[in-house]
Amino acid sequence: MSSRDVVYSWNEIPVDSGGDEDTFSITGAVRLFNVWLTRGSHADLATVVLKNKDSSGDVLLQFDWAASPWPSPNTNIEIPGGGILFPDGLWFDSGNGENLRIQTATLLYQKG
């Protein structure tokens with residue numbers, strides 16, 4: 001069995017946007033273990049969507065995230081059972097809209 005390093009990616013998501021800037025992608029096979037989110041200026045409910053490869057790919061993880069202005073365990077979404085494999089890459093949509101303000105997303109994942 002070969003070993004691969006677990007890496008992280010910190011991504012700033014513009015809070016005054018509402019377009020494509022609220023998404024990002026990681027190319028190549030990715031096994032996702034954790035997602036940490038932080039809020040911006042509002043605390044509305046956002047639906048976060050992670051798809052295989054790109055915006056037209058299969059949804060492999062989707063969850064509603066209620067931001068709070070104080071420390072909360074729901075800022076860390078831990079994926080059980082060895083994570084989720086995105087075989088063709090990972091596409092992340094913050095769900096930000098007019099009143100939705102996810103400000104950053106940090107992902108813990110394994111490449112390859």
Side-chain angles (χ1 to χ4, degrees):
M1 173 186 281
S2 66
S3 65
R4 289 184 167 60
D5 291 334
V6 174
V7 295
Y8 76 95
S9 172
W10 180 84
N11 301 273
E12 183 175 4
I13 300 169
V15 297
D16 59 352
S17 181
D20 292 340
E21 299 84 9
D22 297 334
T23 68
F24 62 86
S25 61
I26 302 170
T27 59
V30 172
R31 181 170 297 279
L32 181 66
F33 299 106
N34 288 78
V35 178
W36 285 274
L37 302 173
T38 62
R39 68 182 285 279
S41 58
H42 296 282
D44 293 342
L45 186 71
T47 299
V48 178
V49 178
L50 290 88
K51 294 183 177 183
N52 185 46
K53 191 175 181 179
D54 56 29
S55 62
S56 63
D58 294 331
V59 174
L60 299 184
L61 178 63
Q62 178 174 323
F63 57 91
D64 290 332
W65 188 71
S68 67
W70 53 83
S72 170
N74 75 352
T75 60
N76 174 20
I77 293 80
E78 184 176 351
I79 300 165
I84 297 174
L85 177 62
F86 294 78
D88 302 311
L90 182 149
W91 184 82
F92 178 96
D93 184 347
S94 67
N96 277 357
E98 186 175 331
N99 293 314
L100 304 173
R101 300 293 184 244
I102 292 176
Q103 192 169 26
T104 66
T106 302
L107 307 181
L108 183 65
Y109 61 93
Q110 187 176 40
K111 290 275 293 185

Measure the spacing between [atom1] of [X] and [atom2] of [Y] and express it to the nearest 0.5 Å.
| X | Y | atom1 | atom2 | result |
| --- | --- | --- | --- | --- |
| Leu50 | Ile79 | CG | CD1 | 7.5 Å |
| Leu108 | Gln110 | CG | CD | 9.5 Å |
| Asn34 | Ile77 | CG | CD1 | 9.0 Å |
| Asp54 | Thr27 | CG | OG1 | 12.0 Å |
| Leu32 | Leu107 | CG | CG | 5.5 Å |

What side-chain donor-acceptor pairs closer than 3.5 Å can you find for residues 84-95, not counting sequence neighbours?
| unit_1 | atom_1 | unit_2 | atom_2 | d |
| --- | --- | --- | --- | --- |
| Asp88 | OD2 | Asn52 | ND2 | 2.9 |
| Asp93 | OD1 | Gly95 | N | 3.0 |
| Ser94 | OG | Asp22 | O | 3.1 |
| Ser94 | OG | Asn96 | N | 3.2 |

Sequence neighbours excluded, which residues qualify as side-chain hydrogen bond (donor to acceptor under 3.5 Å, both in side chains) partners of Thr104? Thr38

side-chain hydrogen bond (donor to acceptor under 3.5 Å, both in side chains) involving Asp58 - partner list, sequence neighbours excluded: none

Under the 4.5 Å side-chain heavy-atom rule for ILVMFWY, direct or indirect, which residues accompany Val59? Val49

Contact list for residues 78-87, test side-chain hydrogen bond (donor to acceptor under 3.5 Å, both in side chains), sequence neighbours left out: none

Does the side chain of Lys111 reach to within under 4.5 Å of the side chain of Val30, using non-hydrogen atoms? yes

Would you mind reporting whether Val35 and Trp65 have side-chain heavy atoms less than 4.5 Å apart? no

How far apart are the closest heavy atoms of Phe33 and Tyr109, and which atoms are they? CD1-CA, 3.9 Å

